[in-house]
Amino acid sequence: MLESPIMELLAKLFGTGDKVKIMRLFVLNPDLAITTEEVARRARVALSSAKKELAGLESLNFLRSKTTLSPISLPGDGAISLKKSKIKPIVKKKRGWQLDLTFPFLTQLKSILKTDLLSHRRDFAKRFNHCGKIKLLAIAGIFIDATDSRADLVIVGDGLKKRLIEKEVQLLESEIGKELVYAIFDSADFDYRLNACDKFVRDILDFPHEKIINRGYPQ
């Protein structure tokens, strides 16, 4: 996992890298209300560390406690669809966490964490260089602060190892604290879509984006 200089600085300022990851998770998802277990999973930190950091962030009024509802699995056939059945879903109340929007330094924190987020983009060529022969790696959306983008990340190439790409994306999501919208194309499929003026492909190339790797596509 690649750590940016800003992340290292923030870890020193705020105590631990786990705390910074958790803070960024909530800052970039201000409406998110999730349990301690989900925080640990999404931020990719140990559950014991998540419990400690969440308690500390609540004491600083950065987070507030909020009750969440979690569905309980039905006994027997796990394939039962509650949406299609007449069975009323069984839920359990659990303690969750949400960003406290009244935190006095929230604006400054957003600015710092967004700067760190943007610093990730130059590492992308290194992150994905073992995932096949990449002809185009383009970033948009959250990585360039463009809220109207169709995708955050697009990878085009030959012999792409999709499982490795998905693994790297999951690592990015944990570092960033937000789920990414991404697309993977074989070069032949992408070229066909490009020539056919496919709307999704045209939206990616015609709207703000940045090409980190570009071998043979228009600038």
Side-chain angles (χ1 to χ4, degrees), residues 1-4 6-7 20-34 38-45 81 83 110-111 113-219:
M1 183 183 299
L2 297 171
E3 291 288 354
S4 69
I6 293 176
M7 274 290 285
V20 178
K21 289 179 182 179
I22 292 171
M23 291 173 70
R24 182 162 52 189
L25 171 65
F26 285 99
V27 166
L28 295 180
N29 299 274
D31 298 324
L32 192 66
I34 54 175
E38 184 68 5
V39 170
R41 185 188 69 82
R42 293 186 61 163
R44 289 183 177 263
V45 302
S81 172
K83 290 184 179 180
K110 285 181 179 178
S111 178
L113 293 171
K114 186 170 288 186
T115 300
D116 172 62
L117 173 63
L118 297 178
S119 72
H120 277 276
R121 55 189 179 186
R122 288 304 173 189
D123 296 327
F124 278 28
K126 295 178 182 178
R127 299 191 76 127
F128 292 97
N129 64 4
H130 64 296
C131 298
K133 187 178 180 181
I134 296 177
K135 296 178 65 177
L136 176 68
L137 192 159
I139 57 173
I142 192 171
F143 293 111
I144 62 170
D145 200 19
T147 57
D148 57 347
S149 297
R150 293 286 302 277
D152 301 302
L153 173 67
V154 176
I155 296 178
V156 179
D158 298 312
L160 296 178
K161 302 172 183 177
K162 294 186 178 180
R163 288 187 178 180
L164 291 180
I165 292 174
E166 290 168 356
K167 183 178 180 181
E168 287 296 336
V169 169
Q170 290 171 359
L171 285 173
L172 267 173
E173 289 176 336
S174 70
E175 294 169 24
I176 293 168
K178 194 172 182 67
E179 291 185 357
L180 300 176
V181 178
Y182 66 100
I184 306 170
F185 294 98
D186 292 329
S187 57
D189 181 31
F190 187 81
D191 292 345
Y192 173 80
R193 290 170 178 264
L194 183 61
N195 292 329
C197 295
D198 177 84
K199 179 170 172 51
F200 178 76
V201 170
R202 288 310 332 167
D203 283 351
I204 292 169
L205 297 179
D206 292 342
F207 284 86
H209 66 281
E210 183 176 338
K211 296 182 180 72
I212 303 300
I213 297 174
N214 184 16
R215 300 185 176 103
Y217 289 99
Q219 295 294 330

> Is there a side-chain contact between L160 and I165 (heavy atoms, below 4.5 Å)?
Replying inline: yes
> Measuring from F26:CZ to L32:CG, what's the distance to the nearest 0.5 Å?
Replying inline: 6.0 Å
> What residue pairs, at least two apart or across chains, pass ring pair (Phe, Tyr, Trp, His ring centres under 6.0 Å) with a residue in residues 147-171?
Replying inline: none
> Checking side-chain contact (heavy atoms from CB on, under 4.5 Å) for the pair I184/V154: CA distance, chi angles, key distance, verdict?
Replying inline: CA-CA 6 Å; I184 306 170; V154 176; over 6 Å; no
>> According to salt bridge (Lys or Arg N to Asp or Glu O under 4.0 Å), does anything in residues 185-201 pair up with another residue at least two apart or in another chain? List the pairs.
In response: D189-R193, R193-D198, K199-D203
> Can you check whether L180's main-chain N or O pairs, donor with acceptor, with E173's side chain at less than 3.5 Å?
Replying inline: yes
> Are any non-hydrogen side-chain atoms of V181 and R150 less than 4.5 angstrom apart?
Replying inline: no
> Taking all atoms of both residues into account, what is the closest heavy-atom pair of P208 and S149, and its distance?
Replying inline: O-OG, 4.1 Å
> How close do V27 and K110 get, heavy atom to heavy atom, and via which atoms?
Replying inline: CG1-CG, 3.4 Å
> What residue pairs, at least two apart or across chains, pass ring pair (Phe, Tyr, Trp, His ring centres under 6.0 Å) with a residue in residues 154-186?
Replying inline: F185-F190
> For E168 and C131, which heavy atoms make the closest approach, and how far apart are they?
Replying inline: CG-SG, 4.5 Å
> Checking side-chain contact (heavy atoms from CB on, under 4.5 Å) for the pair R42/K178: CA distance, chi angles, key distance, verdict?
Replying inline: CA-CA 8 Å; R42 293 186 61 163; K178 194 172 182 67; 5.7 Å; no
> Which heavy atom in R127 sits nearest to a heavy atom in L171, and how many Å separate them?
Replying inline: NH2-CB, 3.8 Å
>> So, taking the atom named CD1 in I155 and the one named NZ in K162, what distance separates them when rounded to the nearest 0.5 Å?
In response: 11.0 Å
>> Show, in sequence, the C-alpha distance, side-chain angles and deciding distance for I139 and D152, and conclude whether the side-chain contact (heavy atoms from CB on, under 4.5 Å) test is met.
In response: CA-CA 6 Å; I139 57 173; D152 301 302; over 6 Å; no
>> So, taking the atom named CD in E179 and the one named CD in Q170, what distance separates them when rounded to the nearest 0.5 Å?
In response: 10.0 Å
> Say you draw a straight line from OG of S187 to CG of L136; how long is it, rounded to the nearest 0.5 Å?
Replying inline: 10.5 Å
>> Testing the basics here: between I212 and A125, what is the closest heavy-atom pair and its distance to 0.1 Å?
In response: CG2-N, 4.0 Å
> So, the side chain of H209 versus the backbone of I204: is there a donor-acceptor pair under 3.5 Å, distance only?
Replying inline: yes
>> For R163 and E166: C-alpha separation, side-chain torsions, deciding distance, then whether salt bridge (charged side-chain N to carboxylate O under 4.0 Å, His left out) applies.
In response: CA-CA 5 Å; R163 288 187 178 180; E166 290 168 356; over 6 Å; no
> From L137 CG over to N214 CG, what is the distance, rounded to the nearest 0.5 angstrom?
Replying inline: 10.5 Å
>> As a quick check of understanding, evaluate side-chain contact (heavy atoms from CB on, under 4.5 Å) for I213 and R215, giving each step before the final call.
In response: CA-CA 7 Å; I213 297 174; R215 300 185 176 103; 3.4 Å; yes
> So with a 6.0 Å cut-off around CZ of F200, is the heavy-atom count from everything else above 12?
Replying inline: yes
